[in-house]
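See below for the structure under consideration.
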Amino acid sequence: MGDFRPRTVWLGHPEKREQRYPKNVINNQKYNFFTFLPGVLFNQFKYFFNLYFLLLACSQFVEELRLGALYTYWVPLGLVLFITIMREATEEIRCYLRDKEVNSQVYSKLSTRGTVVGVVIYTGKELRSVMNTSNPRHKVGLFDLEVNCLTKILFGALVVVSLVMVALQHFAGRWYLQIFRFLLLFSHIVPISLRVNLDMGKMVFSWMIKKDSKIPGTVVRASTIPEQLGRISYLLTDKTGTLTQNEMVFRRLHLGTVAYGMDSMDEVQSHVFSAYTQPTHDLPASRAPAATKVRKTISSRVHEAVKAIALVHNVTPVYESNGVTDQAEAEQHYEDTCRVYQAASPDEVSLVQWTESVGLTLVGRDQSSMQLRTPTGQILNFTILQIFPFTYESKRMGIIVRDESTGEITFYMKGADVVMAGIVQYNDWLEEECGNMAREGLRVLVVSKKSLTEEQYQDFEARYVQAKLSVHDRSLKVATVIESLEMEMELLCLTGVEDQLQADVRPTLEILRNAGIRVWMLTGDKLETATCTAKNAHLITRNQDIHIFRQVTTRGEAHLELNAFRRKHDCALVISGDSLEVCLKYYEYEFMELACQCPAVVCCRCTPTQKAQIVRLLQERTGKLTCAVGDGGNDVSMIQEADCGVGVEGKEGKQASLAADFSVTQFKHLGRLLMVHGRNSYKRSAALSQFVIHRSLCISTMQAVFSSVFYFASVPLYQGFLIIGYSTIYTMFPVFSLVLDKDVKSEVAMLYPELYKDLLKGRPLSFKTFLIWVLISIYQGSIIMYGAMLLFESEFVHIVAISFTSLILTELLMVALTVQTWHWLMIVGELLSLACYVASLVFLHEFIDVYFITTVSFLWKVTAITLVSCLPLYILKYLRRRFSPPSYSKLTS
């Protein structure tokens, strides 16, 4: 993108093309074939403790530092890396296949009446939508960063313990080598199995999300961050296609004295039918200029309104082959089954579809004419004399047509009520009815007309052509000429169109609000529409004040408006993208501080880059987790910037869902994704990580006690297979089965979203809970080791047998103590681990006296030690449940 050169496009001469076009493909992969392995390894070893274990394993090649067999260090590290590489490879292959599926789709249809020349100017990465999006980044969860922080603390403890041991030896002999040996001896303080357990846990959580029948079609594209869903503070959502269905439905026709809703459209149909069948209405009532002053019948007023709606638009009917009728024949006979309406705005299509439903059908259109078909099958021909397109500034569109059957020239106009109120003749109902319809969540358009004589039109055309030829102030002169027509127009009707909300959007937003999540709506739509949808979706509640941020362009204006906003409390904010840019340029900190306190924020006329910028600012200013939800290509930047990106598969294609971390088929699935799966993933990850740390600290405490009793010798208590078996086959299944634990049923989590709010404080994994588990580990490790040394008989091998068996039983009982809801796999895990240990004793005769473990002496000693290490904790748990129960237990009892 460095060189901006002019591009010459040759029509029909591809051989003359000088510049190469980039490939027209999408690519959501994080790596390519060459960067995959280096990239994955870099992302793994940037974690403190993965790098620590690599150095640890490498140290075993130094003879003086070796503490046992090489496999005791290299096998666990290799297993961790293998699982990580396989997971990343699976995700990359899935991503490649999804991209390939989208890239292989062929878009070749360019159809309208007449000839079409398609000119390709930009492709691939030069497209505006692609330039507006950022490259996919490797997202690291906040939970992983917290665990990384805890492992650094554990490493600090490891260094301190090693130094203390050497200090107690009075730094005798080659003490620096002793420090290294102690570092290796107590290396279990930092658990290598933590990373692999958490990664496997995330894979299970992702699988559970995919298999949930209540949110069908949900896809997890980033299985590294499911627990992030459990602590979202800000949810940023697109509007069209995300909260709404992107399907416009005509809801209301209002004529001032009478209104027609969905249930009375048959009356409109009969009025239109009678207008073309009764002889008196063969010619429209407004044929004579004096007719406007005569009170018209309801029937003719309805007919005029419908005709105006059928004419004032930019819609083109297109005919396609339907298998029975070919395209040319369908176009010739205006075949209803083959007709498709094409327009830039879905609002316009819904209006034309409605006129068709009441009997007046748009059947043909080209640049200079339009054809309508009446209920009797008669074709009305209109010549398009002038067309004034809709612009964001003018907020209206107009068209001048000549009825070929009568020669009558009419100027029709439709637009927003704010501009049309000053254009139409005085009336006492427009403002009130527009307000009423807007409050119902309808998009309101005001439709008006003005009959012109041939002389009036010729005079206008001459002035209009003259203005268009002006060299200076052309647009201003053209606007002035058009405005000379836009006076004292006859108000025909109001139309109300609704962009229907997706199913269950309101209850979902209410759940999110009750869960303590602040929802911001970022949309490219205009202010009125965005505000209307926000009210309709109950994003802004009925009794909530709304502060509509005035349009500001300078620093001074922004300062005044921010001061006005500061004086308001607990009100929703509505701001446009232009004003937002000015505020962020001069008063970024002040604006974000005020906006973050709002219960809801609506940003309209937002560019894709602005959406991503807002997400980034929220993360920086609040330090809280954000979730972005969207359905179109213009939401990709925001989705990739957020801590969690959720794509909704919609009418705008799959670009957003392919770039997202999670993809859902409907917005309502977000409630369950966060309240149930997010909450469970976070709580389970916290329990699992703390338990793995406890498991490692227990054995490290025992090693410390053992070394201190035996004159601070750097000799390992357990060697070879015992040390690997402890964190794998002997305790792995029960500890890992904690990923199936849950404190409340999913129905309760959905019914009481306040439970989610508790997680936002980060209590499941905090320094307080970490410290509690450290103290439990030190207590249990000390009890087991001192108990074994107190009760052992003559031989050292008996200490190993008693302490190791007590340790395994303590771990299994602690899992049982931690579990809140038993799952059959948890029981299988406990029994399987115990069976594995008992069965392996036969092969462990070099470490354990097989004869001794069959004696009654062994059994009572192990039972006594295990009871002393676990029973106090069971009593404490019971007392805590009894006198200070957690919030969820009140709901489950």
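In this chain, residues are counted from 1 in sequence order.
Residue pairs meeting the salt bridge (Lys or Arg N to Asp or Glu O under 4.0 Å) criterion with at least one partner in residues 77-88, sequence neighbours excluded, are K30-E88, R87-D199.
For R679, the side-chain hydrogen bond (donor to acceptor under 3.5 Å, both in side chains) test picks out D743, with sequence neighbours left out. Residues meeting the ring pair (Phe, Tyr, Trp, His ring centres under 6.0 Å) test with F42, sequence neighbours left out: none. Listed by chain and residue number, nothing satisfies the side-chain hydrogen bond (donor to acceptor under 3.5 Å, both in side chains) test with R94 (two or more places apart in sequence, or in another chain). Residues passing the side-chain contact (heavy atoms from CB on, under 4.5 Å) test with K100 are Y96, sequence neighbours excluded. With sequence neighbours excluded, the residues satisfying ring pair (Phe, Tyr, Trp, His ring centres under 6.0 Å) with W773 are F691, H694. Under the side-chain contact (heavy atoms from CB on, under 4.5 Å) criterion, H188 pairs with I699, S700, I723, sequence neighbours left out. With sequence neighbours left out, the side-chain contact (heavy atoms from CB on, under 4.5 Å) criterion links P599 to Q544, D570. For S206, the side-chain contact (heavy atoms from CB on, under 4.5 Å) partners at least two apart in sequence or on another chain are V220, S223, P226. Applying the ring pair (Phe, Tyr, Trp, His ring centres under 6.0 Å) criterion to Y726, with sequence neighbours excluded, gives no partner residue.
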Evaluate salt bridge (charged side-chain N to carboxylate O under 4.0 Å, His left out) for D758 paired with R763, printing each intermediate quantity in order.
CA-CA 8 Å; D758 291 348; R763 283 178 183 160; 5.3 Å; no

Stepwise side-chain hydrogen bond (donor to acceptor under 3.5 Å, both in side chains) check, T533 with N536
CA-CA 5 Å; T533 305; N536 195 14; over 6 Å; no

Between L617 and E620, does a side chain to side chain contact (heavy atoms under 4.5 Å, CB included) hold up when you go through it step by step?
CA-CA 5 Å; L617 284 171; E620 288 168 6; 4.1 Å; yes

Determine all donor-acceptor pairs shorter than 3.5 Å in which one atom belongs to a side chain in residues 812-819; sequence neighbours excluded.
residue	atom	partner	partner atom	Å
T818	OG1	M814	O	2.7

Tell me which donor-acceptor pairs under 3.5 Å the side chains of residues 147-155 have, and how far apart each pair is, sequence neighbours excluded?
residue	atom	partner	partner atom	Å
N148	OD1	F48	N	3.3
T151	OG1	V147	O	3.3
T151	OG1	N148	O	2.6

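Between D144 and K139, none of the side-chain N atoms (NZ, or NE/NH1/NH2) sits under 4.0 Å from a carboxylate O, so this pair counts as no salt bridge. At a threshold of 4.0 Å, the pair K202-E91 does not count as salt-bridged, since none of the basic side-chain nitrogens sits closer than that to a carboxylate oxygen.
S193 and R695 share a side-chain donor-acceptor pair at under 3.5 Å.
Using a 4.5 Å cut-off on side-chain heavy atoms (C-beta onward), C627 and L235 make contact. Side-chain contact between I232 and Y756 is present, with at least one heavy-atom pair separated by less than 4.5 Å. In this structure, F733 and V828 have side chains that are not in contact, with every pair of non-hydrogen atoms separated by 4.5 Å or more.
Residue W207 qualifies as open at atom CH2: its count of foreign heavy atoms under 6.0 Å is 12 or below.
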